[in-house]
Amino acid sequence: MKYDFSAIESKWQKKWDEARIFCAEDHSEKPKFYGLVEFPYPSGVGMHVGHIKAYSGLEVIGRKRRMQGYNVLFPIGFDAFGLPTENSAIKTGIHPRQLTDRNIEKFSSQLRRVGFSFDWERVIDTTEEDYYKWTQFIFLKMFEKGLAFRDTAMVNYCPHCKVVLSNEDSQGGKCDICHSDIVQKSKDVWYLRITEYADKLLQGLEGVDYLPNIKMQQVNWIGKSRGAFVNFGLTDTDETLRIYTTRPDTLFGVTFMVIAPEHPIIEKMKDRIENMAEVEAYQTECTKKTEFERTQLVKDKTGVCLKGLCGINPVNGKEIPIYIADYVMMGYGTGAIMAVPAHDERDYDFAKKFGIDIIEVIKGGNIEEAAYTGDGPMVNSDFLNAYDNKADSIAAMIEWLGEKGIGEGGVQFKMKDWAFNRQRYWGEPIPIVHCPSCGMVPVPYEELPLRLPPVTEFEPGQGGESPLAKLDYFVNCKCPKCGGDAKRETDTMPQWAGSSWYFLRYIDPKNGEALADMDKLRYWMPVDWYNGGMEHVTRHLIYSRFWHHFLYDLGLVPTAEPYAKRTAQGLILGPDGEKMSKSRGNVVDPNDVVDDMGADVLRVYILFMGDYGAAAPWSDNSMRGCKRFLERVADLPSLVKGGEVNTKLESSFHKTLKKVNSDIEEMKFNTAIAAMMGLLNEVFEVGSITKDQLSMFVRMLCPFAPHLCEEMWESMGGKGFASLAQWPEYDEAKTIDSTVELAVQINGKVRGKVTLPMNADKDTSLAAVHADEKLFALVDGKTVIKEIVVPNKIINIVVK
RNA sequence: GCGGGUAUGGCGGAAUUGGCAGACGCGCCGGAUUUAGGAUCCGGUUCCCCGUGAGUGCAGGUUCAAGUCCUGUUACCCGUACCA
């Protein structure tokens with residue numbers, strides 16, 4: 001058969017579409033499979049092959065499930081709100097709506113050309129009113145429950161993009177979008193109280209099947225720690241200074257305290273602080289430092305001692321100095337710490353620099369040289385009889401603090417609340433009205449969606465306010481509660497809002513009454529298998545789990561956890577081994593590959609490149625090998641002849657099928673394809689194939705190279721679509737050989753081979769070795785020390 | 001610093017979990033066919049001093065047997081960033 005890929009591919013894509021074979025059924029007797037891939041952000045540059053890899057994994061698994069008789073939901077959509085489109089609108093003057101539509105069209109056509117088995121009737125676009133109506137709905141529910149709130153606080157701010165960013169969006173001190181340095185700024189912003197769900201998000205991980213590194217990253221990001229809050233006294237006042245520590249067992253070793261430069265106690269006590277000018281100078285210096293600079297100066301501790309004010313250690317009444325220093329952050333714990341230089345490296349560095357006492361209270365290290373942070377018995381502590389290990393000491397100390405009323409046990413999380421508003425145009429408007437007499441009033445549900453008004457200028461204001469703030473007709477409104485004059489919130493939601501619940505909408509994309517119908521949700525949820533990038537593990541993945549837990553608490557979804565299983569694909573690097581990027585000019589466009597080699601080759605190559613979860617560089621040459629493979633597959637029908645079945649080949653078919661079957665489940669697509677290549681080589685060596693074998697081959701290759709397989713299926717008289725044909729079953733009996741070739745080692749070196757019946761016993765095996773002239777010669781006349789026979793694996797004879 | 005991961009031919013990568021290292025593919029070498037080929041087919045291809053040789057980042061160890069387990073060490077990648 002001639003392999004005219006472009007004719008074959010467009011032919012079958014059209015047929016699939018017309019027959020709607022990839023559309024999921026809302027209700028079905030079949031078992032369901034919900035396979036989800038992270039929907040793309042439709043940027044102006046189009047897709048690159050990395051997108052294709054991200055979808056190819058579940059594409060193969062979903063296609064296999066369909067052939068196995070599942071009702072498969074494999075949807076796609078577009079996460080289209082966000083800064084890149086808005087920035088492009090500013091540059092080109094074209095409205096983001098138009099740009100988005102254009103980009104979605106481009107992405108869709110690229111995806112269709114690859115032949116993905118997406119259900120194109122459920123496509124969602126997060127920027128459509130019918131969609132973001134429900135994003136706003138969920139926001140209002142959060143507002144009602146006190147989970148969406150405004151607060152003035154130090155936030156991450158990108159001076160280049162002129163927006164406030166969440167912690168997740170400013171990892172590494174860089175803006176997630178433009179990579180400029182983030183600055184800290186005090187601002188009145190919207191937050192979602194994700195910290196309220198920190199424990200649930202942590203516990204939920206126990207019941208789901210995520211790759212271990214994915215779980216680990218989330219656990220670290222949530223960052224739960226256990227410890228104690230302790231109230232320290234202040235000299236000559238009733239005020240207390242509350243600290244958080246994970247080492248209450250070192251309380252007797254406290255020799256000073258440190259508070260964050262922004263700590264409110266400074267303002268409160270300013271009359272008592274004798275060196276206020278010096279303190280203020282230090283505070284100013286700190287605000288000038290960017291986050292980046294702060295982290296670069298890790299080694300060098302700075303700080304200023306508060307004169308005229310001392311802390312009082314509640315466990316022994318000792319007066320201790322208080323410092324302000326920027327190594328203590330206002331955003332974690334209470335913004336104040338007890339410093340135990342003997343047992344904390346940072347405190348140790350600080351104490352050394354400022355000449356503060358270092359008192360050892362845990363034995364085990366040498367505090368002359370370094371802080372000892374390990375375990376050990378308590379010493380120098382006027383506490384009961386002291387304990388021998390950390391855990392006991394901590395537990396006893398917490399209990400004692402409680403009894404004395406000076407502190408109590410507590411937990412802290414590294415995760416912070418989610419800074420949720422962006423001062424930009426292209427996002428979901430926050431449906432809140434600010435009324436001078438009623439305060440913040442939600443837009444009534446029946447008025448949703450609160451539409452994004454049409455504008456022609458997308459530049460944010462100089463003061464960093466949203467472009468919406470310039471629209472008087474949008475801003476000025478009546479309070480929904482009292483009817484008086486009021487002003488609308490003009491900020492919009494961040495990029496991550498729409499993607500936090502999109503997988504629910506696929507289940508019921510046209511529902512006007514609810515975000516999705518409960519019966520349908522009960523049938524489809526949870527997502528059986530979710531695949532996406534590692535870069536979303538501490539962003540989208542955690543945000544969407546939070547929203548889903550919240551919706552579960554409201555009774556709007558049937559399960560607490562949205563995703564039963566989560567995997568991640570590795571990057572495709574450029575041919576130069578570097579990360580693909582426009583600026584490096586090493587981006588591979590899937591359209592070019594489809595034109596040159598065909599979609600099936602692209603699909604097979606992407607999965608053949610290597611471990612699905614690992615990064616691998618692109619190689620046009622290697623891809624040519626996949627082309628050769630498919631061309632030879634297309635020639636298989638010419639080998640169909642009558643005659644006897646070659647039992648060895650038949651056995652290879654069943655072995656290969658068994659391997660392909662399990663490799664797909666483990667996402668080991670590269671070895672599945674390699675096995676099929678090996679089988680093909682064997683077929684050509686034998687020179688003939690039966691009709692049944694051909695049918696088997698076509699069906700097992702179909703999830704990988706569906707267009708070619710459909711064409712072959714049709715020409716061999718297969719019924720219906722290959723894509724819906726029954727997944728072939730292997731015969732276990734045929735995968736077991738009657739004989740096995742065993743390596744024979746003498747003193748651990750392979751010296752020969754013997755062929756034995758399966759499961760031959762020790763005597764038979766050794767007899768076969770002795771019967772072999774060459775092997776016998778190596779053993780003959782020597783003292784046999786040991787004979788190891790592992791059935792079907794190896795024979796090793798140790799001689800002297 | 002902390003957490004996680006990786007290291008195997010010229011290259012991408014395999015190896016049923018302790019049992020024949022290098023599957024499969026690329027590249028390369030040789031041959032066939034072809035007016036020609038960056039097409040196709042066939043054969044070869046870990047290395048070398050070609051042996052009873054060496055060999056999975058490096059140094060040790062356990063074992064009849066180690067890419068796989070243990071101890072130490074180096075390099076690189078990813079995440080995180082003074083988290084008290």
Side-chain angles (χ1 to χ4, degrees), chain A residues 171-173 212-217 219-221 223-225 227 243-247 250 257-258 260 291-292 294-301 325-329 331-340 343-347 349-350 373 412-416 534-535 537-538 570-571 573 577 604-605 608-611 613-626 628-629 631-632 659 662 668 670-681 684 741-753 778 785-799:
Chain A
Q171 296 180 20
N213 53 335
I214 294 177
K215 258 189 206 184
M216 188 100 49
Q217 269 194 36
V219 169
N220 289 343
W221 187 257
K224 183 173 183 169
S225 83
I243 61 97
Y244 175 73
T245 179
T246 54
R247 294 295 302 270
T250 62
M257 299 181 80
V258 184
E291 185 82 10
F292 181 71
R294 272 200 186 190
T295 57
Q296 288 306 295
L297 301 169
V298 167
K299 292 270 146 21
D300 201 21
K301 296 275 182 296
D326 65 359
Y327 83 92
V328 171
M329 305 289 146
Y332 183 80
T334 61
I337 64 160
M338 63 178 214
V340 186
H343 305 291
D344 181 283
E345 281 164 24
R346 295 147 304 176
D347 298 345
D349 291 345
F350 195 88
T373 56
Q412 276 292 303
F413 295 94
K414 282 191 206 174
M415 188 165 67
K416 299 198 173 90
M534 283 306 292
E535 69 276 20
V537 167
T538 52
L571 292 174
L573 305 173
V604 170
Y605 173 59
F608 182 65
M609 291 174 84
D611 183 343
W618 185 267
S619 158
D620 281 333
N621 271 334
S622 285
M623 185 166 56
R624 231 164 261 143
C626 295
R628 257 170 235 151
F629 168 60
E631 281 167 347
R632 299 219 301 158
K659 180 164 177 60
S662 59
K668 291 161 77 174
N670 54 335
T671 49
I673 294 166
M676 287 187 278
M677 287 173 167
L679 179 62
L680 185 76
N681 291 343
F684 275 91
E741 195 181 54
L742 239 59
V744 179
Q745 299 184 335
I746 311 288
N747 291 341
K749 302 260 183 221
V750 178
R751 296 297 181 210
K753 280 166 196 190
L778 289 164
I785 295 169
K786 212 168 186 179
E787 290 166 325
I788 295 114
V789 178
V790 183
N792 311 324
K793 297 235 162 148
I794 207 151
I795 298 167
N796 191 6
I797 300 172
V798 186
V799 295

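What you are looking at is a predicted structure, and each value in this text was computed from that prediction instead of being measured. First the proteins, then the strands, lettered A, B, ... as listed; each starts at 1.
- Glycosidic conformation of B/rU17: syn, with the torsion inside 90° of 0.
- Rounded to whole Å, the separation between the P atoms of B/rU56 and B/rA21 comes to 12 Å.
- Side-chain contact between A/Thr245 and A/Ile337 is absent, with no heavy atoms from C-beta onward closer than 4.5 Å.
- Residue contacts for A/Thr245: at a heavy-atom cut-off of 4.0 Å it reaches the sugar-phosphate backbone alone, with no base atom in range.
- Between A/Arg751 and A/Val744 the shortest side-chain heavy-atom distance does not fall below 4.5 Å.
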Worked verdict on A/Gln745 versus A/Ile788 for side-chain contact (heavy atoms from CB on, under 4.5 Å): CA-CA 9 Å; A/Gln745 299 184 335; A/Ile788 295 114; over 6 Å; no

Nucleotide-resolved protein contact map, nucleotides 11-21 of chain B, B/S/- at heavy-atom distance under 4.0 Å: -BSSS---BB-

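- Counting only distance, with no hydrogens or angles, the side chain of A/Thr671 and the backbone of A/Lys668 share a donor-acceptor pair below 3.5 Å.
- Nucleotide B/rU63 holds its C1' atom 14 Å from the CG atom of A/Asn747, rounded to whole Å.
- We find that CD1 of A/Ile673 is positioned 18 Å from P of B/rA23, with the value rounded to whole Å.
- Spacing between atom CD of A/Glu345 and atom P of B/rC82 amounts to 14 Å, rounded to whole angstrom units.
- Using atom C1' as the reference point in both B/rG53 and B/rC48, the two lie 8 Å apart (nearest Å).
- Interatomic distance, A/Asn747 CG to A/Ile797 CD1, rounded to the nearest 0.5 Å: 9.5 Å.
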Would you list the protein and nucleotides 36-43 of chain B atom pairs, both N or O, that sit under 3.5 Å from each other?
| from | atom 1 | to | atom 2 | distance (Å) |
| --- | --- | --- | --- | --- |
| B/rU40 | OP1 | A/Arg628 | NE | 3.4 |

Dot-bracket summary - RNA chain B, pairs being Watson-Crick or G-U whose distances fall under 3.5 Å, with | when paired to another strand: (((((((..(((......[....)))((((((.......))))))(((..).))..(((((..]....))))))))))))....

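- Using a 90° window around 0 for the glycosidic torsion, B/rG43 falls outside it and is classed as anti.
- Scanning all heavy atoms of the two residues, the minimum distance from A/Val258 to A/Ala325 falls at CG1-CB, 3.7 Å.
- A/Ile797 places its CD1 atom 18 Å from the C1' atom of B/rU63, with the value rounded to the nearest Å.
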Which atom pairs link the protein and nucleotides 74-76 of chain B when you take only N or O atoms and keep those under 3.5 Å?
none

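- Taking atom CG on A/Asn220 and atom C1' on B/rG1, their separation rounds to 14 Å, with Å as the unit.
- Rounded to an integer number of Å, the gap from A/Met677 CE to B/rC26 P is 7 Å.
- The shortest distance between the side-chain N/O atoms of A/Tyr244 and the OP1/OP2 oxygens of B/rA84 is not below 4.0 Å.
- Comparing the C1' positions of B/rC28 and B/rG38 gives a spacing of 15 Å, expressed to the nearest Å.
- Atom C1' of B/rG13 sits at a distance of 9 Å from the matching atom of B/rG25, rounded to the whole Å.
- The two residues A/Ile794 and A/Leu742 make their nearest non-hydrogen contact at N-CG, 4.0 Å.
- Taking atom CD of A/Glu535 as the reference point, atom C1' of B/rC77 lies 15 Å away to the nearest angstrom.
- Taking the P atom of each, B/rG10 and B/rA23 are spaced 14 Å apart, rounded to whole Å.
- A distance of about 45 Å separates the C1' atoms of B/rC41 and B/rC58, rounded to the whole Å.
- To the nearest angstrom, P of B/rC2 lies 18 Å from CD of A/Gln217.
- Here the separation of B/rA15 from B/rG57, taken at their P atoms, is 16 Å to the nearest Å.
- A/Glu345 CD: 12 or fewer foreign heavy atoms inside a 6.0 Å radius.
- Under the 3.5 Å distance criterion, the side-chain polar atoms of A/Tyr605 are left unmatched by any main-chain donor or acceptor of A/Asp620.
- A tilted orientation is assigned to the rings of A/Phe350 and A/Tyr327, their planes being inclined by 30° to 60°.
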side-chain contact (heavy atoms from CB on, under 4.5 Å) evaluation trace for A/Arg247 with A/Val340: CA-CA 9 Å; A/Arg247 294 295 302 270; A/Val340 186; over 6 Å; no

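- Residue A/Arg751 has its side chain nearest to B/rG53 when only B/rG3, B/rG25, B/rG53 are considered.
- In this view, A/Phe608 satisfies the ring-ring contact (aromatic ring centres under 6.0 Å, His included) rule with no residue, not counting sequence neighbours.
- Looking at residues two or more places apart in sequence or on another chain, you find a side chain to side chain contact (heavy atoms under 4.5 Å, CB included) between A/Leu680 and A/Phe629, A/Arg632, A/Val633, A/Leu636, A/Phe684, A/Phe697.
- Using a 4.5 Å cut-off on side-chain heavy atoms (C-beta onward), A/Thr250 and A/Asp344 make no contact.
- Only the P atoms considered, B/rG60 is 15 Å distant from B/rA66, to the nearest whole Å.
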